[in-house]
Protein chains: 2
Amino acid sequence: MSDQLHHPPAEALELAAVLHALSDPIRLNIVRSLADAGACNCGAFTVPVAKSTLSHHLRVLREAGVTLTTREGTQRVVSLRAEDLTARFPGLLDAVLASAPVAA
Amino acid sequence: MSDQLHHPPAEALELAAVLHALSDPIRLNIVRSLADAGACNCGAFTVPVAKSTLSHHLRVLREAGVTLTTREGTQRVVSLRAEDLTARFPGLLDAVLASAPVAA
DNA sequence: TCCCTTGTTCGACATTCGACGAACATCGTA
DNA sequence: TACGATGTTCGTCGAATGTCGAACAAGGGA
């Protein structure tokens with residue numbers, strides 16, 4: 001297997017795919033956690049789903065180009081691709097994060 | 001039936017719903033047309049789908065609070081709720097429109 | 001009145017999505 | 001080597017989504 005997980009290059013990010021990735025409450029939650037905490041391993045997210053489901057959501061985010069996932073020993077470290085996103089879609093991530101105080 | 005179509009009030013717009021409404025290429029196309037042309041009747045959109053499908057997409061946009069639809073005789077006039085969206089999610093619509101030059 | 005234009009609504013259908021548990025792979029460590 | 005921790009992948013399920021055509025509703029003219 002590729003020891004590198006699939007990530008789209010920065011210039012290939014598609015708006016519809018990014019918006020779709022962000023349009024799920026669970027994933028929005030994950031993105032907010034990442035914006036707050038910087039980077040997390042997969043187990044650090046407090047989402048009310050099974051780990052296989054979490055893995056699925058992280059994959060959607062990763063394949064849309066929203067997050068970056070790297071191997072760190074037996075763990076995965078997930079972080080926001082904030083710079084790539086902002087370069088491709090200026091203001092989008094900021095607007096989403098500003099509007100997404102979860103419960104609001 | 002209600003001669004008024006259902007539209008969520010400005011303060012009830014949900015981010016995930018708005019993002020989901022915008023995450024479809026066809027709907028993104030519609031939103032861009034509206035941003036350019038101001039307001040259109042349903043038939044004015046040049047989208048490659050059947051009219052029933054277009055009607056469905058317009059409903060999704062309307063129920064997410066992205067567009068406003070009013071009756072105008074036998075036609076419907078569809079417009080962007082740009083002010084409501086910007087008030088609720090500052091910068092979001094601008095970012096989407098700036099990034100959505102369709103073919104880009 | 002009859003008909004045409006404009007959209008909506010109603011099934012039907014295939015596809016996708018989100019969710020789960022079970023099984024598997026990988027790495028670090030005892 | 002054996003085991004435990006961490007995630008991924010697989011198979012499955014039900015619900016939602018996108019699409020279409022056909023039927024329907026409402027207005028405006030001829």
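Letters A, B, ... mirror the listed sequences (proteins, then strands); counts begin at 1.
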*Asks:* Indicate, with a heavy-atom threshold strictly under 4.0 Å, whether B:His56 touches base, sugar-phosphate, or nothing.
*Replies:*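 The answer is base, as B:His56 lies within the cut-off (heavy atoms under 4.0 Å) of a base atom.
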*Asks:* Could you state the CG-P distance from A:Leu54 to D:dT9, rounded to the nearest angstrom?
*Replies:*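 Computing the A:Leu54:CG to D:dT9:P distance gives 13 Å.
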*Asks:* A:Ser55 has a side chain; which of D:dG18, C:dT26, D:dT9 sits nearest to it?
*Replies:*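 The nucleotide sitting nearest to the side chain is D:dT9.
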*Asks:* Among C:dT9, D:dT8, D:dT19, which nucleotide sits nearest the side chain of A:Cys42?
*Replies:*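 Nearest listed nucleotide: D:dT8.
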*Asks:* Tell me the interatomic distance from A:Arg71, atom CZ, to D:dT6, atom C1', rounded to whole angstroms.
*Replies:*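 After rounding, the gap between these two atoms is 11 Å.
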*Asks:* Using whole Å, what does the distance between atom P of nucleotide C:dG7 and atom CD of B:Glu72 come to?
*Replies:*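 About 11 Å, once rounded to whole Å.
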*Asks:* What is the distance, rounded to the nearest whole Å, between atom CG of A:Asp24 and atom P of C:dT16?
*Replies:*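 Nearest whole value for this atom pair: 18 Å.
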*Asks:* Do A:Asp84 and A:Arg88 meet the salt-bridge criterion of a basic N to acidic O distance under 4.0 Å?
*Replies:*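 Salt bridge absent between A:Arg88 and A:Asp84.
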*Asks:* To the nearest angstrom, how far is A:Gln75 atom CD from C:dC27 atom P?
*Replies:*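 Taking atom P of C:dC27 as the reference, CD of A:Gln75 is at 13 Å.
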*Asks:* For B:Thr69 and B:Val77, what are the C-alpha separation, side-chain angles and deciding distance, and is it a side chain to side chain contact (heavy atoms under 4.5 Å, CB included)?
*Replies:* CA-CA 6 Å; B:Thr69 302; B:Val77 176; over 6 Å; no
*Asks:* Between B:Arg27 and D:dG18, does any side-chain N or O lie under 4.0 Å from OP1 or OP2?
*Replies:*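 B:Arg27 to D:dG18 OP1/OP2: side-chain N or O found under 4.0 Å.
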*Asks:* Please state how far atom CD1 in A:Ile26 lies from atom C1' in C:dC17, giving the value in whole angstrom units.
*Replies:*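 After rounding, the reported distance stands at 13 Å.
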*Asks:* Let me know which of B:Leu68, B:Val66, B:Thr67, B:Thr70 forms a side-chain contact (heavy atoms from CB on, under 4.5 Å) with B:His7.
*Replies:*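 The passing option is B:Leu68.
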*Asks:* Taking only N and O in the side chain of B:Thr53, is any of them less than 4.0 Å away from OP1 or OP2 of D:dT19?
*Replies:*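 Answer no for this pair, as no side-chain N or O of B:Thr53 is under 4.0 Å from OP1 or OP2.
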*Asks:* Find the distance A:Ile30:CD1 to D:dG7:P and express it as a whole number of Å.
*Replies:*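 A:Ile30 atom CD1 is separated from D:dG7 atom P by 13 Å.
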*Asks:* Without decimals, in angstroms, what is the distance between A:Phe45 CZ and D:dT6 P?
*Replies:*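 Rounding to the nearest Å, CZ of A:Phe45 and P of D:dT6 are 14 Å apart.
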*Asks:* For A:His20 and for A:Lys51, find the nucleotide of DNA chain C with the closest heavy atom, then tell me which residue's nucleotide is more 5'.
*Replies:*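 Upstream on the strand: A:His20.
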*Asks:* Are any of the side-chain heavy atoms of A:Phe45 and A:Asn29 separated by less than 4.5 Å?
*Replies:*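 No. Closest side-chain heavy atoms not under 4.5 Å.
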*Asks:* State whether A:Asn41 places a side-chain N or O below 4.0 Å from either non-bridging phosphate oxygen (OP1 or OP2) of D:dG7.
*Replies:*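 Checking A:Asn41 against D:dG7: at least one side-chain N or O falls below 4.0 Å of OP1 or OP2.
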*Asks:* Is any side-chain N or O of B:Ser52 under 3.5 Å from a base N or O of D:dG21, one able to act as donor and the other as acceptor?
*Replies:*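 A donor-acceptor contact between them is present.
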*Asks:* Nearest to the B:Thr74 side chain among D:dA26, C:dG7, D:dA5, which nucleotide is it?
*Replies:*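 Looking only at side-chain atoms, B:Thr74 lies closest to D:dA26.
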*Asks:* Please check if the number of heavy atoms outside A:Glu14 that lie under 6.0 Å from its CD is greater than 12.
*Replies:*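 Check fails, neighbour count at 12 or below.
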